[in-house]
Amino acid sequence: MKEHKAKATGVKTEKMAREPATAAPPLDFIRARIAEDRKANKNGGRVATRFPPEPNGYLHIGHAKSICLNFGVAIENGGTCNLRFDDTNPTKEDVEYVDAIKEDVHWLGFDWGDREYYASDYFDRLYQYAVKLIKDGKAYVDSLTADQIREYRGTLTEPGRESPYRNRTVEENLDLFERMKAGEFEDGAHVLRATIDMASGNINMRDPTLYRIRDVPHHRTGDKWRIYPMYDFTHALSDSFEGITHSLCTLEFEDHRPLYDWVLEATGVDCHPEQIEFARLNLSYTVMSKRKLLELVEGGHVLGWDDPRLPTLCGLRRRGYTPEAIRDFCDRIGVAKKNSVVDVALLEHAIREDLNRRAPRVMAVLRPLRVVLENYPEDRVEEMEAINNPEDASAGTRKVPFSRVLYIDREDFREDPPKKFFRLAPGREVRLRYAYLITCHRVVKDEKTGQILELRCTYDPATRGGSAPDGRRVKATLHWVSAAHAIPAEVRLYDRLFLKENPEDVEEGQDYKSFMNPDSLETLPGCRVEPSLAHATPGERYQFERQGYFCLDPDSSRDALVFNRTVGLRDSWANIEKAGKSEG
Ligand code: ATP
Ligand code: MG
């Protein structure tokens, strides 16, 4: 946590340096509200937030926004942030998700200490409050069917109608509720509803359901409960039980705020947190709802929750994203009250910036083309000194073996080069990084297919290190590996999962899955990487010179390395920014 605090401050300092005009970055509207509350000594100046995931799926980058906000606000104000599992729906929840969520929040760099809570731990207290509401005439057992309840609820333009069961006596309600709990009834036979106002302009206030019967075991409470509390009731009271001061949630709960406040007032609890809504994060070219992510995973459209093409935190991690980059991204997008779609290029920009600072550089050839240096002695091997990270002198240097037979990337050679192609071509001289200038003399092809098998070249022994004593210049520097020393590897190249900028924007009868990119994964099996990577461990990130950032995948074994491309080198965000399309 300390480390993160320091980092967060580091980020701010850097921002201020970039914008010298302003003394301090302006607070977003939530931080401004909290600052006001503290100034007015509300809650004795205390700030307590919570991150409340439902354990029905893995966390995604949208959750990261909420995590950074809730934990960030707590850290900045010397407060606390709880991790609370909103586990009120036993049919969709699982411990697998609980464990994954905890791992992801920790990975992002946040710690909830011993403040790990579960709404299910409050089931007894919630039940007591429901009984209190019944006794106070503020809740009743309704026996309409689900369809009837929907029909009685009315619409946005028409008021609802009161249920014929609304005027049951307290005794009858208590008896029925008790028997609901005891498991005497089928699912759906009765529900407990709040007695509020069937004519309210806000549909959430038309006698919302507080409890329903579900004869389903819960992943934490087992068979103990046959009735489960609804989200709005549970959430407001859980916040109150935990002494939350600021309950930060996404915009779709704005219309639920009157109910949130009603629950706290009607139950008469001491602590009444303030609900503040902010805009969800949406990212271009992907989907973010857990329901859709689950569908992609279960339908085999991706290879699992941690498929590097998904916006899940475990997918981003496997792809090579760092927690620092994700936090920086969340910092940059800020917190606002208006929904918008953030360009995925901004996320890519954040990881590129972070990895540029710290990823060691190595040479890797993705589509190998053999190069034979005809004038280089057969048995000679030279150790070329290569810089590990030009951005970080302390990263030092390493030795890369050089020999007579090398591989370069096929893309770096053209037999018939177009105008602006300055890399290798017949008769042309180029530089091999950290090594020599070489000239291509002959192209060896497969007689039948015409495919290029190898290039016959010569090197100039006087150019070791890459410059010629006579001062002659070359226009390109290529990366390479020594054929005898390089290690084989598989490289997985990822592209956008969807072709459409907003895949959730579908016409009637269309399915978002029809916009999936059929080429979102390209696997290159025959790559060659420099031998220093022999000891790489899964999760380690590198810059493959001239190509991008890559991360060793857990599918790797000692003699079969697998790398994921995190992001290419080209900064398309910078281009977007230049073109004036920046979101600021
Ligand atoms: P989804 O719609 O993806 O299933 P959810 O809101 O149902 O998400 P929860 O587990 O309830 O998922 O979310 C936990 C917290 O994270 C909530 O406070 C929610 O508002 C917040 N959150 C979820 N998605 C986003 C998002 N895209 N941007 C910002 N916050 C989010
Ligand atoms: Mg939710």
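In listed order, ligands and their atoms are each counted from 1.
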Next on the checklist: Cation-pi check for Tyr127 against Lys181: NZ or CZ below 6.0 Å from the six-membered ring centre and within 45 degrees of the axis, yes or no?
Outcome noted: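 Yes; both conditions hold, so Lys181 lies above the ring face of Tyr127.
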Checklist entry - Has Lys337 got its NZ or CZ under 6.0 Å from the middle of the six-membered ring of Phe29, at an angle within 45 degrees of the ring axis? => result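 The answer is no, since Lys337 fails at least one limit relative to Phe29.
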Next on the checklist: Under the salt bridge (Lys or Arg N to Asp or Glu O under 4.0 Å) definition, can you give me all pairs with a residue in residues 208-217, not counting sequence neighbours?
Outcome noted: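 Listed by first then second residue: Asp215-Arg226.
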Any N or O of [X] that comes nearer than 3.5 Å to an N or O of ligand 1?
X      : answer
Lys65  : no
His63  : yes
Arg50  : no
Thr250 : yes
Pro53  : no
Lys290 : yes
Gly62  : yes

Item to check | Sub-4.0 Å heavy-atom approach of Arg291 to ligand 1 | outcome: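 Distance cut 4.0 Å: Arg291 fails for ligand 1.
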Next on the checklist: Yes or no: does Phe253 have any heavy atom under 4.0 Å from an atom of ligand 1?
Outcome noted: no
Checklist entry - Of all heavy-atom pairs between Gly109 and Arg327, which one has the smallest distance, and what is that distance? => result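 So the two residues come closest at CA-NH1, 3.8 Å.
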Item to check | Minimum heavy-atom distance Arg565-Arg319, with the two atoms named | outcome: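 Residues Arg565 and Arg319, closest heavy atoms: O-NE, 3.5 Å.
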Go through ligand 1 atom by atom and flag the ones less than 4.0 Å from a non-hydrogen atom of [X].
X      : answer
Phe51  : 14 (C), 15 (C), 16 (O)
Met288 : 3 (O)
Ser289 : 3 (O)
Pro52  : 14 (C), 18 (O)

Item to check | Option passing side-chain hydrogen bond (donor to acceptor under 3.5 Å, both in side chains) with Arg50 (candidates Glu242, His246, His235) | outcome: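 Exactly one pass, corresponding to His235.
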Next on the checklist: Regarding Arg33 and Asp37, does a basic nitrogen lie under 4.0 Å from an acidic carboxylate oxygen?
Outcome noted: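 Between Asp37 and Arg33 there is no salt bridge, as every charged N stays at least 4.0 Å from the carboxylate O atoms.
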Item to check | Pair Tyr152-Asp207, side-chain donor/acceptor within less than 3.5 Å | outcome: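 Side chains of Tyr152 and Asp207: no pair found under 3.5 Å.
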Checklist entry - What ring pair (Phe, Tyr, Trp, His ring centres under 6.0 Å) pairs are there with at least one residue in residues 75-109, not counting sequence neighbours? => result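 Non-adjacent pairs meeting ring pair (Phe, Tyr, Trp, His ring centres under 6.0 Å): Tyr58-Tyr97, Phe85-Tyr118, His106-Trp112.
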